[in-house]
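Below is one structure, written out as structure tokens; the observations come after it.
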Amino acid sequence: MIKLDEFVKHLSCLLEDFLLSNGVNYKIAHYSNLLLNIFVLLVVVLGANYLIKRFVIKTFKTLTDKTKTTFDDFLIQSRFPNYVGQIIPLMLLYYLVPIVFVDYPAILYLFDKLFDLYVIILCIWICRSLLRTSKKFLKTLRQFNDKPVDSYIQVVMIMVWVIGLMFIFAEITGESIQRFIISLGAASAVLLLVFKDTILGFVASIQVAVNDIVRIGDWITFEKYGADGNVTEISLATVRVQNWDNTFTTIPTYSLISESFQNWRGMQESPGRRIKRAVYVKQNSVKFMTSEDLQEISKISLIKKYVHNRQEEIDKYNSENNIDRSLPLNGRNQTNLGIFRKYIDSYLNDHSAIHKELYIIVRHLAPTDKGIPIEILCFSKDKRWENFEYITADIFDHIIAAMPYFGLQIFESPSGDDIKRFYDIQEKN
């Protein structure tokens, strides 16, 4: 290596020695030799850079086309070979510049500073390229499809930049990295204020990932931000949601842990999707059933057996207790609303789209000024939104249409036509 250094130094002085031997002025010979050395240096470095781009990088691309993995394809997309390819020209610069500018210590000092800074930045670029490649590659793997990979990568990228800035600070100021950390501690209050959202997002993204609060692909509803749709991206600072109308809503990541929102993942992972809806029955349409009513309603096949068995049980009770049946209020009686509730329960249990292993409940709610709410709680087997809505509509179409057969009326607020009809009747009378 010593002999190679001496040989290169000898070559760098050939023109100067030649001119001096021919009686040329020292300054002219020296600067002419310097310009030639600078020209040769540029030719060597740029030539090496060209050869690397022309052959090495193209060879790398050719090899990646033959491999089955996509990781190397993403390396090319993130310009990783271009960054790594700069290492050889930089090594040539590091070796040749001190020889060319051996008589210029100020230039060498400046070159050392700039060279060190560029190497630090190049290392950051290489790390950034690897992180971008890793992010794209991980998103192609099934086990990472619903993970906030963007948040993880951004956290690592921030750490890389912080470390890089520490080295840049130390290089520019000549201070140690320890001094930089001490200075950073003194300015922590200002930094906390400036980077409040970033710090909150950083903490929130870790909690979201560790506690599995939200995954990519989850359907979430966040009323405060008007978000109702699928999560498409989770980054360090924001969560992106594509709403059902194909608009996008951006939510601060820290809002997911500081405020309440609805995640529908549990419904999507469960065996059924809940149907919860009520019909309102007019209170004055509820009545006791007479024997004629029971005979007529027994024609409904779903509840024929129930009505018969229930009436036998009631008759037996009334007979054993000598109940006066002249008044329906005495003793036990069936009501049209009670039979109707049983009919709905039988109808749901017989419905092919309803999950029979989950809750099927037909219940009274407290009476209101709009009537008696009869709430239906059950689960559809099909969880897809469009099919779910179709199943729900089909069930309530049938329930509403079935109510008159039980002598029940559905509540409906009077419209303008109803009021007009009422006044017309009043005028005729």
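Computed from a prediction, not measured in an experiment: that's the story for all the values here.
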- Query: Which is it for F406 and I339 under the side chain to side chain contact (heavy atoms under 4.5 Å, CB included) test, yes or no, and what are the steps along the way?
  - Reply: CA-CA 8 Å; F406 295 85; I339 296 175; 3.8 Å; yes
- Distance under 6.0 Å and angle within 45° of ring axis: K282 vs F411: no
At their closest point, which heavy atom of T249 faces which heavy atom of G226, and how far apart are they?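 For T249 and G226, the tightest heavy-atom pair comes out as OG1-O, 3.8 Å.
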Determine the minimum heavy-atom distance between N243 and A227, stating which atoms define it.
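It is OD1-CA, 3.4 Å.
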Is there side-chain contact between [X] and [Y], with at least one heavy-atom pair below 4.5 Å?
| X | Y | answer |
| --- | --- | --- |
| K381 | I354 | no |
| Y225 | S255 | yes |
| F388 | K383 | no |
| R310 | Q334 | yes |
| K370 | E412 | no |
| R79 | S129 | no |
| N230 | V241 | no |
| I124 | M157 | yes |

Separation between CG (L130) and CZ (F137), nearest 0.5 Å, reads 13.5 Å
Open item on the list: Please report the interatomic distance OH(Y280) to CD1(I374), rounded to the nearest 0.5 Å.
Closed with: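 Answer rounded to 0.5 Å: 10.5 Å.
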*Please determine, by modelled atom types, if N309 and E313 share a side-chain donor-acceptor pair under 3.5 angstrom.*
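Result is no, nothing qualifies.
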message = If only side-chain N and O atoms count, and only distance matters, is there a donor-acceptor pair under 3.5 Å linking T290 with D293?
response =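 Yes - a donor-acceptor pair under 3.5 Å links their side chains.
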>> So, using side chain to side chain contact (heavy atoms under 4.5 Å, CB included) as the criterion, who are the partners of Q86 when residues are at least two apart?
In response: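 Counting only residues at least two positions away or on another chain, Q86 forms a side chain to side chain contact (heavy atoms under 4.5 Å, CB included) with Y83, Y118, L122.
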Is the side chain of [X] donor-acceptor paired with the backbone N or O of [Y] at a distance under 3.5 Å, no angle test?
| X | Y | value |
| --- | --- | --- |
| S380 | A353 | no |
| N318 | R332 | yes |
| D350 | S346 | no |
| N387 | D382 | no |
| D345 | V362 | no |

message: Enumerate the salt bridge (Lys or Arg N to Asp or Glu O under 4.0 Å) contacts for residues 110-119, please, sequence neighbours excluded, ordered by first and then second residue.
response: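 Qualifying pairs, neighbours excluded: K113-E171.
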Residue pairs meeting side-chain hydrogen bond (donor to acceptor under 3.5 Å, both in side chains), one or both in residues 392-404, sequence neighbours left out, come to Y343-H398, H351-D394
Residue among [options] satisfying side-chain contact (heavy atoms from CB on, under 4.5 Å) with [X]:
| X | options | value |
| --- | --- | --- |
| F222 | I251, V239, N263 | I251 |
| K276 | I376, L377, I361 | L377 |
| Q283 | T368, L337, I372 | I372 |

Item checked: Test ring pair (Phe, Tyr, Trp, His ring centres under 6.0 Å) applied to W244 and W219, step by step -> CA-CA 10 Å; W244 299 121; W219 170 16; 5.3 Å; yes
Charged N to carboxylate O below 4.0 Å: is that the case for E375 and R277?
no
For the CD atom on E386, are there more than 12 heavy atoms of other groups (residues, nucleotides or ligands in this structure) within a distance under 6.0 Å? yes
